[in-house]
Amino acid sequence: MEMDESISHKRDEQKQRQKARLSSYSKKMKRTRLLSKDNQLYYYKHYLSAKNGAGLSKSKGSRNGFDSTQWRAVKKFIMLTSSQNVPVFLIDPLILELINKDFEQVKNTSHGSTSECKFFCVPRDFTAFALRYHLWKNEEGWFRIAENMGFQCLKIKSKDPRLDGIDSLSGTEIPLHYVCRLANHAIHLVVFHERNGNYLWHGHLRLKGHMDRKFVPFRKLQFGRYPGAFDRPELKQITVDGLEVFIPKDPVHFLEEIPHSRFIECRYKEARAFFQQYLDDNTVEAMAFRKNAKELLQLAAKTLKKLGVRFWLSSGTCLGWYRQCNIIPYSKDVDLGIFIQDYKSDIISAFQDVGLPLKHKFGKVEDSLELSFQGKDDIKLDIFFFYEETDHMWNGGTQAKTGKKFKYLFPKFTLCWTEFVDMKIHVPCETIEYLEANYGKSWKIPVKTWDWKRSPPNVRPNGIWPISEWDEVIQLY
């Protein structure tokens, strides 16, 4: 009995000691939680609010808008890029449009002198800037400093399409976009890369599997839905809302480029497969033709660009670009398309002035116009003018001996940029539909014998020109 009482007494003492320890631990945890909350509050007040702009609101009596999260984010981004000599320039369509509308006031504003925030304070999720990558000297250092300043940055990379023609290097990756978030505003930094043909290119913003798709509202981004190509802009520095920024010297031209900037690559992988099945013609004659055709195409492009006339690769020249990334050596001519609404009366004289005499002219401006110019070594430049109907496009053809008219039907298409023979040049965006209309489903198979009046699946008879009009619609030189 005494032993049982002793054991019971010891158990009571253990329970009391355990209860005391639990009570002490509970008090410590409570103090820790309170201290943790104090630390969190201190961190929020002194770090996040100062560096990330969290919880910002307009202060009473402050200059209108200058406490907005948008303006503060842009200001900090400009401070960051300026201190690191990062050559960025503003490409945001909304802000460029506002600047262009009120350019006289912007032009006469000096640094820090503005009293009202009109441009960078417009409520929005993003502000877009661009960077010419070959001028960027310290990418990794900039990235670290950006994060130290409170930015959270996402880097989007992909393979370099400029190396696709070099099979062994085609996997090399390059940065395409940076999205840097500060509080509830983000800076979209579009990375422009130099391409052959003296133009700038940016890639598609495609998120990889591990990336946070809720990082920012990506669907609202105005650049990156598809690759884009732009003329290299000349820049000028201006003061906007008290901040010094670079913008394109001709903002109107840049804004006009944006909706028509979509770019599609030549298909090098498919071209290599094509040449594995059909050997390339590397004879002296074929090489000479390609060289002369390239020079003719570049001269034609330069002439039409000077006139302000849109054009695109058509017929066999378009087929060569899409199927084999090169000029078809047995085609014997260069083919371009022009919308009839873009026709200018001085096209013929402009080509003659650069040494390309008119070989023939068929049709009229209002019906089936076609021009052909003579290049060197019997290479022709054929220009087909396209007419738009309710549900299709068409271009015309005329047989000189009989005056018979032909019509070639195409589904409606839009124009995209591509790179061909070291040029930025237009092609139909809906390329496969365009080629199938002209060459059928078997366009991948080379055909060296071609009758323009019978071979195309889209050709239709279109009447005959009256004999009284032959002198006007059929001109041979």
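These numbers come from the heavy atoms of this one structure, side chains and all, not from hydrogens, waters or symmetry mates. Predicted model, so just to flag it, every value in this text is computed and none were measured.
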Would you tabulate the side-chain donor-acceptor contacts of residues 273-280 under 3.5 Å, counting partners in other chains and residues two or more places apart, or write 'none'?
residue : atom : partner : partner atom : Å
D280    : OD1  : R290    : NH1          : 3.4
D280    : OD1  : R290    : NH2          : 3.0

Per-pair distances, 0.1 Å, donor-acceptor, side chain in residues 416-429, under 3.5 Å, sequence neighbours excluded:
residue : atom : partner : partner atom : Å
W417    : NE1  : H260    : O            : 3.2
T418    : OG1  : I264    : O            : 2.7
T418    : OG1  : W321    : NE1          : 3.2
E419    : OE1  : R195    : NE           : 3.1
E419    : OE1  : Y199    : OH           : 2.6
D422    : OD2  : K294    : NZ           : 3.0
K424    : NZ   : D231    : OD1          : 3.1

Residues 204-220 side chain polar contacts: donor-acceptor under 3.5 Å, at least two apart:
residue : atom : partner : partner atom : Å
H204    : ND1  : R206    : NH2          : 2.9
H204    : NE2  : R225    : O            : 3.2
K208    : NZ   : E173    : OE2          : 3.0
D212    : OD1  : K214    : N            : 2.9
R213    : NH1  : K208    : O            : 3.2
R213    : NH1  : M211    : O            : 3.4
R213    : NH2  : L207    : O            : 3.2
K220    : NZ   : D125    : OD2          : 2.9

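Every residue meeting the side-chain hydrogen bond (donor to acceptor under 3.5 Å, both in side chains) condition with E469, not counting sequence neighbours, appears here in chain and number order: K364. Contacts of C318 classified as disulfide bond (SG atoms under 2.5 Å apart), with partners at least two apart in sequence or in another chain: none. Applying the side-chain hydrogen bond (donor to acceptor under 3.5 Å, both in side chains) test to Y268 and every residue at least two apart in sequence or in another chain returns nothing. Listed by chain and number, the residues in a side chain to side chain contact (heavy atoms under 4.5 Å, CB included) with E389 are H392, W394 (sequence neighbours excluded). Looking at residues two or more places apart in sequence or on another chain, you find a side chain to side chain contact (heavy atoms under 4.5 Å, CB included) between E436 and I432, K441, W443. Residues forming a salt bridge (charged side-chain N to carboxylate O under 4.0 Å, His left out) with K444 (at least two apart in sequence, or on another chain): none. Take T283 and apply the side chain to side chain contact (heavy atoms under 4.5 Å, CB included) test, not counting sequence neighbours, and it matches D281, E285, A286.
At distances below 3.5 Å, at least one donor-acceptor pair connects side-chain atoms of S82 with backbone N or O atoms of I78.
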From CA spacing to verdict: side chain to side chain contact (heavy atoms under 4.5 Å, CB included), M393, F339: CA-CA 10 Å; M393 304 267 197; F339 294 121; 3.8 Å; yes

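Pairs passing the side-chain hydrogen bond (donor to acceptor under 3.5 Å, both in side chains) check and including a residue from residues 331-345, sequence neighbours excluded, read R310-D342. Sorted by first and then second residue, the ring-ring contact (aromatic ring centres under 6.0 Å, His included) pairs with a member in residues 358-378 read F351-F373, H360-F362; sequence neighbours excluded.
Using the six-membered ring where Trp is involved, F143 and Y178 have ring planes that are tilted, between 30° and 60° apart.
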